[in-house]
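One structure is given here, and the rest of the page talks about it.
Each chain gets a letter, A, B and so on, in the order the sequences are listed, and its residues count up from 1. For the numbers below, each heavy atom of this structure counts, side chains included, while hydrogens, waters and symmetry mates do not.
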Amino acid sequence: MKPVSLRPFLPRPALRRRLPREFRHYALQTSGVPTLQVFNDRIKHLQRERAASDAEASRRVDYLRDEVANRLCERLLDITRHFPSVLDLGANACNIARALTAPNPDSPALSTRLSHLTSADTSHTFLHRDVDLPFNALLPAHTRTVLPPADTPLPFKPQSFNAILSSLSLHWVNDLPSLLSQINHILKPDSPFIAAMLGGDSLFELRTSLQLADLDRRGGVSTHVSPLADVRDMGGLLTKAGFKLLTVDVDDIIVDYPSVFALMTDLQAMGESNAALTAEKSGLRRDVLAATEGIYRELHGNGGESVPATFRIIYMIGWSEGDGQSKPLPRGTGQVNMKDILGGGEIK
Amino acid sequence: MPGRTRPIEKFAEAVAKCSAEASVYGKCIIADYNGVYKDKCLTEFMKLKDCYTAAAKRR
């Protein structure tokens, strides 16, 4: 039988229409797997826009972001390379850009090691807050990119960056596995992804005090502090996203505040207020607030005028796969018995 | 926001004036923090609340 071509029967546009290259993305998640929504992206966006619109208050609470950005950039020092194109994902107020231009006593500022920096964030106001400050002039080339809302794919071409940095913004991402694999795709082969995020037991003092106050005042517990990823999860997530040569470590930053109110005001000014979907829309009641102040001071207080708050920062480094990287050998190829090297006898 | 005190700041000031009561209340709660139930420390809390409402009115 003669094969029949379907071509003449197809409508013309179906043959011709092809999406432009910019709109094509990798399929990142198997269909049918629903994403677990933890945070309300819209509320988070509004909180950050609002926080950044008061530039003065927002700069006053930059202490945490600047410190973490500095520590993150120190890790970049260990990689002796020149980076033609670097992306700062979730840039907040371009704190990484500022840290890169900071003068360094031993070597020239880190910004000399890169040719082009792209700072990307979903909040336009936050991203452009410090656009007039002098550090901008010290960067070789700097682009600010406003990202589309959180659940849309990243607007970057595959394999376009030599390094991706991210400081204190991954903890608000709902679909972390998908974002991490997108990051892996837009990295060039054998390039590092270096990130810092809040995690684990950050603000455990506030969390526990609020729970106790809620229990006593209202007889139950409500979500007042957003949940955070755990250190143990991050290694697994990075591996799943295809990163190699992982390093994950933890650093605690403890900040003393005059009172719980000062801590909460600062968190709000950072744009880091609670945005969990399960949070009560009405917010905290005054009774619970006053009770929290009393409990926090007694349970965690420094005994004097101040109360501590712990920020647990998870640092992670992952490399995209590339030639020349050392890889683990396949199972069962070992030639030497570990017992001969390490010693030790029979198990009794 | 210059020239305008947020209501929460006034509240924070009022609570700050009642550190003695807050401390008594906090001690009551953490005496057994695994067994907290509703209104466990009601009397201590009412003293704290009376104090900060009075402090808020004074100014």
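The stretch residues 119-134 of chain A places none of its residues near chain B, where near means some heavy atom under 4.5 Å from a heavy atom of that chain.
Summarising the geometry, atom OH belonging to B:Tyr52 is positioned 4.5 Å from atom CG belonging to A:Asp287; distances are rounded to the nearest 0.5 Å. The line from CZ of A:Arg297 to OG of B:Ser23 is 9.5 Å long, rounded to the nearest 0.5 Å. Here CG of A:Leu212 is found 9.0 Å from CG of B:Asn34. Values are rounded to the nearest 0.5 Å. Once rounded to the nearest 0.5 Å, the distance linking CZ of A:Phe261 with CD of B:Glu13 reads 11.0 Å.
For chain B, no part of A:Asp214 is nearby; none of its heavy atoms comes within less than 4.5 Å. Interface remark: A:Arg217 contributes backbone and side-chain atoms alike to the contact with chain B (heavy atom separation under 4.5 Å). Looking at B:Lys40, both its backbone and its side chain come within 4.5 Å of chain A, counting heavy atoms on both sides. In this structure, chain A has a heavy atom under 4.5 Å from the side chain of B:Val15, while its backbone stays farther away. For B:Tyr37, the part sitting under 4.5 Å from any heavy atom of chain A is the backbone (N, CA, C, O) and nothing else.
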request  = Show the numbers, then the answer: is there a side-chain contact (heavy atoms from CB on, under 4.5 Å) between B:Tyr25 and A:Ile295?
outcome  = CA-CA 7 Å; B:Tyr25 171 74; A:Ile295 297 168; 4.0 Å; yes
request  = Any chance you could lay out the side-chain contact (heavy atoms from CB on, under 4.5 Å) test for A:Arg286 and B:Ile8, step after step, and finish with the verdict?
outcome  = CA-CA 9 Å; A:Arg286 299 240 155 149; B:Ile8 194 70; 4.1 Å; yes
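Atom CD of A:Glu305 is surrounded by 12 or fewer heavy atoms from other residues, nucleotides or ligands within 6.0 Å. By the neighbour-count criterion of 12 heavy atoms within 6.0 Å, atom OH of A:Tyr257 is densely surrounded, having more than that number from other residues, nucleotides or ligands.
Counting heavy-atom pairs closer than 4.5 Å to chain B, the top-ranked of the candidates A:Gln268, A:Met264, A:Gln211, A:Glu293 is A:Gln268.
With hydrogens and angles ignored, the 3.5 Å screen pairs no side-chain donor or acceptor of A:Asp216 with any backbone N or O of B:Ile29.
Scanning both residues, A:Gly219 and B:Lys38, for their nearest heavy atoms gives CA-CB, 3.7 Å.
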